[in-house]
Novice: 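Got a structure here, written out as structure tokens. Questions coming.
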Amino acid sequence: MKKLALLALPAAFALALTTTTAFAADGKAVYSDNCAKCHGDDGKGATKMGTKLGAKDYTDAAVQSAITDDQAFKSIKEGLKKDDKTLMKPSELSDEDIKASVTYLRTFKK
Ligand code: HEC
């Protein structure tokens, strides 16, 4: 009985750890999977898609300060259009993941 309890404890602990990791928003991972194809791994937007759509250089402090976190969140969540051209489709990411990806985008600022 005692032995069983000793075995069960680390197992429960390990489970708790993995679930936390799975649900905690990892900005870098979210960004790599959902944003980098346009905004680039380095935030410069120099990808094929980014160049075509006119993604800005997010290493530029002026570009970063031109947008608030709230505005960034809204544009990602609801999508962004310029005239009739869709720049970003409304995101299916959770609010938490969107916020984490914006926080990560901020780290590109030089
Ligand atoms: C299909 C290409 C594409 C994808 C995918 C994409 N973006 Fe964008 N995004 C753009 C373009 C183009 C613009 C408009 C020019 C700019 O601000 O870089 C833009 C604008 C933005 C803006 C400024 C919004 C505003 O209101 O001015 C932020 C912040 C942003 N993107 C973050 C992200 C994040 C974070 C992700 C991933 C969750 C993402 N984008 C995914 C193409 C994309």
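We number each residue from 1, following the sequence as shown. Whatever order the structure lists ligands and atoms in, that order sets their numbers, starting from 1.
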Novice: Return yes if a side-chain donor-acceptor contact under 3.5 Å exists between Asp70 and Thr68, otherwise no.
Specialist: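 Judged by distance alone, the side chains do not pair up.
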Novice: Quick one: do Lys85 and Leu87 satisfy side chain to side chain contact (heavy atoms under 4.5 Å, CB included)? Show the steps, please.
Specialist: CA-CA 6 Å; Lys85 199 160 109 181; Leu87 300 179; 4.0 Å; yes
Novice: For ligand 1, which is the ligand I care about here, please tell me if Asn34 has any N or O atom under 3.5 Å from one of the ligand's N or O atoms.
Specialist: no
Novice: Mind checking whether atom 8 (Fe) of ligand 1 has an N, O or S of Ser75 under 2.8 Å?
Specialist: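 No, since none of the N, O or S atoms of Ser75 sits under 2.8 Å from atom 8 (Fe) of ligand 1.
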Novice: If we only count N/O pairs under 3.5 Å, is Tyr58 in contact with ligand 1?
Specialist: yes
Novice: If we set the cut-off at 4.0 Å for heavy atoms, which region of Ile76 has an atom near ligand 1: side chain, backbone, both, or neither?
Specialist: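 Just the side chain.
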Novice: Please report which non-hydrogen protein atom sits nearest to atom 11 (C) of ligand 1, along with the residue it belongs to and the distance in Å to one decimal place.
Specialist: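 Closest protein heavy atom to atom 11 (C) of ligand 1: Leu87 CB, 4.0 Å.
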Novice: Is the centre of the Phe108 ring less than 6.0 Å from the centre of the Tyr31 ring?
Specialist: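 When the ring centroids of Phe108 and Tyr31 are compared, they turn out to be within the sub-6.0 Å range.
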Novice: Residue-level breakdown please: for Leu93 versus ligand 1, do any non-hydrogen atoms fall below 4.0 Å on the side chain, on the backbone, on both, or on neither?
Specialist: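 The side chain, only.
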Novice: Which angle, to 10 degrees, forms at atom 8 (Fe) of ligand 1 with NE2 of His39 on one side and SD of Met88 on the other?
Specialist: 170°
Novice: Hey, is Gly54 one of the residues with a heavy atom under 4.0 angstrom from ligand 1?
Specialist: yes
Novice: Let me confirm one number: the OG1-NZ distance from Thr59 to Lys44, rounded to the nearest 0.5 Å.
Specialist: 5.0 Å
Novice: Could you identify the single nearest non-hydrogen protein atom to atom 1 (C) of ligand 1 and state the distance to 0.1 Å?
Specialist: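 Going atom by atom, the protein heavy atom closest to atom 1 (C) of ligand 1 ends up being Cys38 SG, 2.7 Å.
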Novice: Looking at Gly45 and Ala55, what are the two nearest heavy atoms and their distance?
Specialist: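 What the structure gives for the nearest pair is CA-CB, 4.0 Å.
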